[in-house]
Structure formats: structure tokens, C-alpha cells
S.K.: 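Following this message is one structure expressed as C-alpha cells.
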Amino acid sequence: MLKILLALKTPSDAMLSLLGGHHVDQSEDSLINMISKKRYELVIVENGLELLPAIKRADPRVEVIIIGRGEENAIDAVREGASAYFSYPIDFQRLKETIEGVNDHFEICRETAQMEKLLQSKYTFAGVVGRDPQMLDIFNFMRRIAPYFKVVTITGETGTGKEVIARALHSLSPGHTRPFVVCNCGGLVENLVESELFGHKKGSFTGAIADKIGLFEAAGEGTLFLDEVGELPLSFQPRLLRVLQDGEFRPVGSHTANKARCRIIAATNRDLSQDMKAGRFREDLYYRLTPLTVFLPPLRERKDDILLLSRFLLESFTRRTGKKIFGFSRQVQTLLISYNWPGNVRELQSTVEQAAIMAAESFIRVDDLPAYIKEFKKVGTSPSMNLEEAIKKHISLVIADCKGNRTKAAKILGISRRSLLRKIEKYSI
């Protein structure tokens, strides 16, 4: 059964009889308004050639049959996207066959949509979306270690979703009802790191006007997530090592050791093995943190996940905001897959949400995408361009699009301002 919008001035009894097995609304309000407000699969409109572009903008999925006088407009109608054109007197047998063809098309679409939902649910693991073989291996590894781990390290480029993986591990662990406490190690002031993580006693240093519990104590029997663990000052690393070895920590100014009961998940976008060799990270701490390691591949190496993730992110946006966006145009889908995503999943999320906000219609089109991605479409990358050159070019485009505002550019790229500054120095931008 099709959902049909009938926009004929005086539909004949023969027409109404032909459509009797379908759900039919007759156009009483503005045709475009009705299509925008309600999901129709077929629109039958009289003399609708001029309206056809607006109908397709309102809902690119809808099929349109135009009833007109004379055959001279038939070719233009089909070229503009109409399924068929009929002139008076109407050949009802051919019209019936056309409608049956449209019905068959939507039956296939419904089955495909159902399969996509099943696939999304199949490839969603503890809130993490992925069907790339690398991600499926990660899901299997997480399932095996979640009940038992005490320390896990997650590595991968900025924006790959390390915190999402950490939260998934926590949700699968025996302490899933306990707190999940986040510590951004890169944002800690060096002389306050110990107080932040272990707590302090009143009067233990200038400004310590009251007792304060640290993040280890706040996490209790839950999970402490040490994000950007590679940024921890070298001077503090022995203290963290002691906690991992002995399971105890001492608040600043206290003579009594407290028991650390939480699990530790560390995350970094740095190569800790190289930092260790360069003397920036302690060797003994490195080996304590990394017996169980999850490496998250960059999005450019898991292209199969891009459209799955895009749909997941768009659905999350529409649920949160109530704005009705049904999907992405084919041109946008092609561009999303071909783009390299140096900011990874975080950049994809930012792009999907920005495009959904900008979208004036029910589908996201190329014009709704951020300017730097549209510029990428025009310029592209040279076949001889290596990955480092492509990343440099992309960062340069984003900074130019933000008129040199590095804070805004970092947000669009899905990285911290500090990471952006390092990349600007690295690539001499």
C-alpha cells in the first residue's frame, strides 16, 4: 500500500477507484507544505511540471506522476525527475501498471531500510558503531577483557573515539554502576597534578583551605579515565606508577595511604614507545600501562564505517533536536566516503551536525556541508600526494575557512588547540 498525495482539481471516479487499495490524501493545503509535513511515496499532480523541482526539493524520495494536456511536456517532465507523464484522456491500464511499479520500488526500499536498521543494530556494540573488520576485532577484544581488566590503554589519532571506547569498556565491566571519572591530563597544571588525582589535606600548601578528595577516590570502585596520559609531567609519573604497582596513593599532606579501588583506562594520541625512547615517558610506567592495549584505526582506514556512522550521528541529532532530516543525498554520500577525515569521528560528527543545522530541506545536500569540505570537493587531492601532504592541505583549508581563527579551526577539526598548534609547527603551515 502506497501513501499517495492526489493533487487533481476534480479526480474522476475511475481515478479514485484505481487508487482504492492505497492510502490517499487529497491536496487541500499548499502541495509543497503537505509534502514537507508528511511522508508521501507518490504524488499525482495535474499540470505540475513547474512544481516538480520544488516537490523534489521538499522530499527527494517521493515519486511524481504528472497529469497534463498534450504530450509535448512529457520529455521535460521525465528529465526533471517525474516517474511518468500522462495526458488526457488517461490510459488507466498504463497508469495502473506505473503505480504498481512505484509500489514495487517502495517495497524494495522498505526491505532495504529494515535491513539497514538490522545492520546498524548488529554493528553497534555497547554504543560504539562499526562494521569494519578492524572494529569487529576490537569489539571482540573488549568483550573478552571487560570483566577482568585493571589497566587498559587506548591509542589512536585525535578524534577516533577513545573516550567512547573507554565508556563502553566501563559499561561492560562489573563496576558499570559505579562512577566513570574523566581526567584530562593535558589540561592539568604541573604543580597541582598530585592534588587533582590524589587529593589533599587542609593546609598542606598555600590555597588548600579545606580537605579535597582526588579523582582516584572519587572514582571509587568505578573507572578512572586518564585522557592524554602522555601529557603527564615526567616528575609525576613515578607517583602514578606506584599506584599501579601497589594499589595505594597518599593525598598531599596526609600520612595515611588510601587504597585505589578503581580500574584505570588510559588514552593517548601519542606514540608512547617513542616518547619512552626519547626520555619523555618512563619505561616502567609504559610497561605497566600497556599490557592490554586497544588501537583505534583512523576513519580513513575504515571507509566502510563512514556511512553507517553518518546515519547513526544524524539519527542522534534528529532525536535530540526534533528536526526532521531523513538522510544524505547521493552526492553527499560520495563526498563523505572520498574525504580523508583527518579529525576522524569527531570531525565527522561536527560535520553531520553542522550540515543538519544548515539543511533547509529533508535531505542533506552538498550546499549544506562546511565550506572547507566543499572546497576539498573542488580541489581534491593529487594521486601523487602522500598522506602527510593531504593532512597539511586540509588543515590549511580549514584555517583559511575560519579566517585564521585557530580555536575555531581546532573545534572543526575535532582536535584540541594545543594539538592544532603542534600540527601547524610540524607541517610549517
S.K.: Would a distance-only check, ignoring hydrogens and angles, find a side-chain to backbone donor-acceptor pair under 3.5 Å from Lys3 to Arg39?
M.R.: no
S.K.: Can a salt bridge be assigned to the pair Glu157 and Arg270 using a cut-off of 4.0 Å between side-chain N and carboxylate O?
M.R.: no
S.K.: Can Glu248 and Arg242 be counted as an ion pair, charged N to O under 4.0 angstrom?
M.R.: no
S.K.: Is Glu221 paired with Lys150 through a side-chain N to carboxylate O contact shorter than 4.0 Å?
M.R.: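 No, no charged N to carboxylate O under 4.0 Å.
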S.K.: State whether the side chain of Gln237 and the backbone N or O of Arg282 hold a donor-acceptor pair below 3.5 Å, judged by distance alone.
M.R.: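 Side chain of Gln237 to backbone of Arg282: a pair is present.
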S.K.: To the nearest 0.5 Å, tell me how far Lys392 NZ sits from Ile424 CD1.
M.R.: 12.0 Å
S.K.: Please state whether the rings of Phe236 and Phe198 are parallel, tilted or perpendicular, taking 30° and 60° as the class boundaries.
M.R.: tilted
S.K.: Check ring pair (Phe, Tyr, Trp, His ring centres under 6.0 Å) between Tyr40 and all other residues, then give those that pass, not counting sequence neighbours.
M.R.: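 None.
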S.K.: Could Arg302 and Asp132 be called an ion pair, given the rule that one side-chain N must be under 4.0 Å from one carboxylate O?
M.R.: no
S.K.: With a 4.5 Å limit on heavy-atom distance, are the side chains of Ile264 and Leu244 in contact?
M.R.: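 They are in side-chain contact.
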S.K.: Between Val252, Leu215, Val189, which is the residue that forms a side-chain contact (heavy atoms from CB on, under 4.5 Å) with Glu196?
M.R.: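 Passing option: Leu215.
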S.K.: Taking the side chain from Lys408 and the backbone from Cys402, do they hold a donor-acceptor pair closer than 3.5 Å?
M.R.: no
S.K.: Consider side-chain contact (heavy atoms from CB on, under 4.5 Å). Of Gln354, Glu347, Met358, which one does Pro370 pass it with?
M.R.: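 Option passing the side-chain contact (heavy atoms from CB on, under 4.5 Å) with Pro370: Gln354.
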S.K.: So, are Arg365 and Asp367 salt-bridged, with charged N and O less than 4.0 Å apart?
M.R.: no
S.K.: About how many Å separate CD1 of Ile44 and CG of Leu5, when rounded to the nearest 0.5 Å?
M.R.: 9.0 Å
S.K.: Looking at side-chain heavy atoms only, is the closest gap between Glu217 and Asn258 below 4.5 Å?
M.R.: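 Yes, side chains in contact.
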S.K.: Below 4.0 angstrom, N of the basic side chain to O of the carboxylate: do Glu315 and Arg311 qualify?
M.R.: no
S.K.: Could you state the interatomic distance from CZ (Arg406) to CD1 (Ile395), rounded to the nearest 0.5 Å?
M.R.: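 Output value for this atom pair is 11.5 Å.
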S.K.: Quiz question: by atom type and distance under 3.5 Å, do the side chains of Asn269 and Thr158 form a donor-acceptor pair?
M.R.: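 Yes, a side-chain donor-acceptor pair sits under 3.5 Å.
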